[in-house]
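When a residue number appears, it is its place in the shown sequence, counting from 1. Predicted model only: the values in this text are computed from it and were never measured.
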Amino acid sequence: MDFWQRYRAIDARDTRFDGQFFTAVRSTGIYCRPSCPARTPKAANVTFYETSAAAHDAGYRACKRCLPEAVPGTPAWNIRQDVAGRAMRLINDGVINRDGVEGLASRLGYSARQLNRILTQELGAGPLSLARAGRAQTARTLLVSTPMKLADIAFAAGFSSVRQFNETVAEVFAMTPTALRATARHGRAAASSTALTLSLPYREPFDPGIFTFLAVRAIPGIEAGTTTSYARTLRLPHGDARFTVAYDGGARGRPLTLTVGAVDLRDLPALLSRVRRLFDLDADPDAIDGTLAADPRLAEAVGEAPGIRLPGALDPQELLVRAMVGQQITVAAARTALTQLAAAGSPSTAPGDGLDRMFPTPAEIAAAGHLLRGPRRRTESLLNAATAMADGALDFGYGDDLPGLSAALLPLPGVGPWTVGYVAMRVLGAPDIFLANDAAVRNGIRALAPGGAGTRSTAGPDFREVSPWRSYATMHLWRAAAQAAQSRRPTPSDPAKVMP
């Protein structure tokens, strides 16, 4: 977007752009979200920034009226596969908090000095400033949503000291932490030493079908899901965690709520980031649906399920294992195989709500060959991949780009283009993957074909017309295939249709 496109967006107070850029006003020294209800400033006084960190570094403070830190993030970090996009995915996952700028730079293959120069040029702020902005956002969320002690919030948000926390909050928000907490417009939950409840912002519309996607793949003891909730255990850098996400489509604002049953506070930023990635909460559904609906093959599906989401991955290594197990078999068969494999996982140190196990680590999988079922070649491929991940020979994650991910995975026996594409969709959030050889995708195309499966279409078979959102087209096709299969499934009430 150029300057005037952005200026028209803030003049219209368009909520679709909240979090995608920030508006700084020189005459007030304040930066806002695009939908801020304050009077539109003169264009001559406006500077637009890609990130709130860039506005901080330029000397602006956050608006107390529109709270620009309380918005969904930008979808650009998944769309962009350049160094800036890869760095932001890792920063959001807490890499700087754990490993510092040197650790972040090493993962991306640059020196710290080079990385600082690239990010400053591309995003207007260096890695430390970007991480600091993320800490400020997490701190604000905890201050207004929980009764946690200020010292606990400081360390949970990633600050190294309470003094640094106080100084950052005062600088960014021009308020003390106590005053910022007092701005909460709703009562906070009763204090609890084990549970936190937070609201997860997102851009509407939101299709809750992602809960069904996760529920039918849930592994008992590790995950549990319904059409409006999802819970699981998760291994994070400092310990085991357990959380639940629930959606209330009938309540005002259709809230999406995260309840953290157990977590080491140092892991809280990483947990928040991964949950947001899992539910694709930084997506721009209007832009995606607008492009998909222009294709006649998808128009009806988009109308029935606006705001479809692309499920992310809570753990990249786990996702590769699940993808390899699920190749060329049904979802139900894959779930059965993964349930058997889950016996290799260790008990959770934070059990509760019927969830008491952790998904097995690569080392545990490599040592549990007797639990694997299926063709010998497939099990050998999985054990080979698990061994490579366990000893560090195979290393990939949120900071990769598609070429790098392909280079890491394709040499593995049993890994082909489908596996790489599926992992890219879910680990990287890559929005433009089309799994043309996927059986469910082909079934979905037939199910959505106007006038029946025999109708010829002049549109491309690879759905190139809806680029860069073909991953979301894939989600619609998977849904159409599942609905078609469900409609053909016999019911016990009709004995004549019961399969043997």
> Is there a side-chain contact (heavy atoms from CB on, under 4.5 Å) between Thr183 and Lys64 once you walk through the steps?
Replying inline: CA-CA 9 Å; Thr183 65; Lys64 297 179 183 178; over 6 Å; no
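- Remark: Arg357 fails to qualify as a cation-pi partner of Phe359 under the 6.0 Å distance and 45° angle criteria applied to the six-membered ring.
- Within the 3.5 Å criterion, the main-chain N or O of Leu196 finds no donor-acceptor partner in the side chain of Thr146.
- With contacts defined as side-chain heavy-atom distances shorter than 4.5 Å, the pair Arg140/Leu67 qualifies.
- Side-chain N or O atoms of Arg335 include one that pairs as donor or acceptor with a backbone N or O of Ala218 at under 3.5 Å.
- The side-chain hydrogen bond (donor to acceptor under 3.5 Å, both in side chains) analysis of residues 392-406, with sequence neighbours excluded, yields no pairs.
- With sequence neighbours excluded, no residue satisfies side-chain hydrogen bond (donor to acceptor under 3.5 Å, both in side chains) with Ser381.
- Taking all atoms of both residues into account, the shortest heavy-atom contact from Glu69 to Ala133 is OE1-O, 4.2 Å.
- Between the side chains of Glu171 and Thr168, no donor-acceptor pair is found at a separation under 3.5 Å.
- Two residues are said to be in side-chain contact when any heavy atoms from C-beta on lie closer than 4.5 Å; Ile433 and Arg470 fail this criterion.
- Scanning both residues, Leu142 and Ala156, for their nearest heavy atoms gives CD1-CB, 4.0 Å.
- With sequence neighbours left out, the ring pair (Phe, Tyr, Trp, His ring centres under 6.0 Å) criterion links Phe279 to Phe211.
- Under the rule for a side-chain hydrogen bond (donor to acceptor under 3.5 Å, both in side chains), Asp286 has no partner lying at least two apart in sequence or in another chain.
- When all heavy atoms of Ile329 and Arg378 are compared, the pair lying nearest together is CG2-NH1, 3.5 Å.
- Under the ring pair (Phe, Tyr, Trp, His ring centres under 6.0 Å) criterion, Phe17 pairs with no residue, sequence neighbours left out.
- With contacts defined as side-chain heavy-atom distances shorter than 4.5 Å, the pair Arg135/Pro269 does not qualify.
- To the nearest 0.5 Å, atom CG of residue Leu143 and atom CG of residue Leu180 are 5.0 Å apart.
- Taking the side chain as every heavy atom from C-beta outward, Asp267 and Asp264 approach each other to under 4.5 Å.
- Annotation for Gln328: atom CD does not count as buried by contact number, only 12 or fewer foreign heavy atoms lying within 6.0 Å.
- When the ring pair (Phe, Tyr, Trp, His ring centres under 6.0 Å) test is applied to Tyr202, the partners found at least two apart in sequence or on another chain are Phe206.
- Taking the six-membered ring for Trp and the full ring otherwise, the centers of Phe165 and Phe159 sit less than 6.0 Å from each other.
- Counting only distance, with no hydrogens or angles, the side chain of Thr212 and the backbone of Pro208 share no donor-acceptor pair below 3.5 Å.
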> Checking salt bridge (charged side-chain N to carboxylate O under 4.0 Å, His left out) for the pair Arg276/Asp282: CA distance, chi angles, key distance, verdict?
Replying inline: CA-CA 7 Å; Arg276 293 195 65 80; Asp282 295 328; 2.8 Å; yes
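- Across all their heavy atoms, Arg33 and Cys66 have their closest contact at NE-O, 2.8 Å.
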>> Apply side-chain contact (heavy atoms from CB on, under 4.5 Å) to residues Phe243 and Thr259 and explain how you reach the verdict.
In response: CA-CA 6 Å; Phe243 70 88; Thr259 302; over 6 Å; no
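- Among residues two or more places apart in sequence or in another chain, the side-chain hydrogen bond (donor to acceptor under 3.5 Å, both in side chains) test is passed with Asp99 by Arg107.
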>> Pair Tyr230, Glu223 - check side-chain contact (heavy atoms from CB on, under 4.5 Å), show working.
In response: CA-CA 7 Å; Tyr230 174 73; Glu223 303 169 280; 2.4 Å; yes
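- No donor-acceptor pair under 3.5 Å is formed between the side chain of Ser106 and the backbone N or O of Glu102.
- Neither side chain, Asp93 nor Ser273, offers a donor N or O lying under 3.5 Å from an acceptor on the other.
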> side-chain contact (heavy atoms from CB on, under 4.5 Å) between Tyr60 and Phe22: does it pass, once the steps are laid out?
Replying inline: CA-CA 11 Å; Tyr60 295 93; Phe22 297 86; over 6 Å; no
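- Within the 4.5 Å cutoff, no side-chain heavy atoms of Leu281 are placed close to those of Pro72.
- Listed for the Asp207 side chain is no donor-acceptor partner under 3.5 Å among the backbone atoms of Ile308.
- Formation of a donor-acceptor pair under 3.5 Å by the Arg274 side chain with backbone atoms of Leu314 is found in this model.
- For His476, there are no ring pair (Phe, Tyr, Trp, His ring centres under 6.0 Å) partners at least two apart in sequence or on another chain.
- Gln20 places a side-chain N or O within 3.5 Å of a backbone atom of Arg16 that can act as its donor or acceptor partner.
- With sequence neighbours left out, Thr15 forms a side-chain contact (heavy atoms from CB on, under 4.5 Å) with Asp18, Ser35.
- A pairwise comparison of heavy atoms in Thr387 and Ala366 identifies OG1-CB, 3.6 Å as the closest pair.
- No donor-acceptor distance shorter than 3.5 angstrom exists from the side chain of Glu122 to the backbone of Leu119, with no hydrogens or angles considered.
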Distance-only donor-acceptor pairs under 3.5 Å for side chains of residues 416-423, two or more places apart:
from, atom 1, to, atom 2, distance (Å)
Trp418, NE1, Asp438, OD1, 2.8
Thr419, OG1, Gln327, OE1, 2.2
Tyr422, OH, Arg426, NH1, 2.9

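- With hydrogens and angles ignored, the 3.5 Å screen pairs a side-chain donor or acceptor of Asn92 with a backbone N or O of Met88.
- Between Leu115 and Ala87 the shortest heavy-atom distance is CD1-CB, 4.5 Å.
- Taking 4.5 Å as the limit, some side-chain heavy atom of Tyr31 sits within range of a side-chain heavy atom of His56.
- Using a cutoff of 4.0 Å between basic side-chain nitrogens and carboxylate oxygens, Arg254 and Glu204 are scored as salt-bridged.
- When atom types are taken as modelled, the side chain of Asp356 and the backbone of Pro351 share no donor-acceptor pair closer than 3.5 angstrom.
- Between Thr257 and Asp248, the closest side-chain pair of non-hydrogen atoms is not below 4.5 Å.
- Applying the side-chain hydrogen bond (donor to acceptor under 3.5 Å, both in side chains) criterion to Ser229, with sequence neighbours excluded, gives Thr226.
- Arg277 meets the salt bridge (charged side-chain N to carboxylate O under 4.0 Å, His left out) test with no other residue; sequence neighbours excluded.
- Using a 3.5 Å distance cut-off with no hydrogens or angles, the side chains of Asn116 and Tyr110 do not pair a donor with an acceptor.
- Annotation: side chain of Arg232 is not in contact with side chain of Arg242 (no heavy-atom distance under 4.5 Å).
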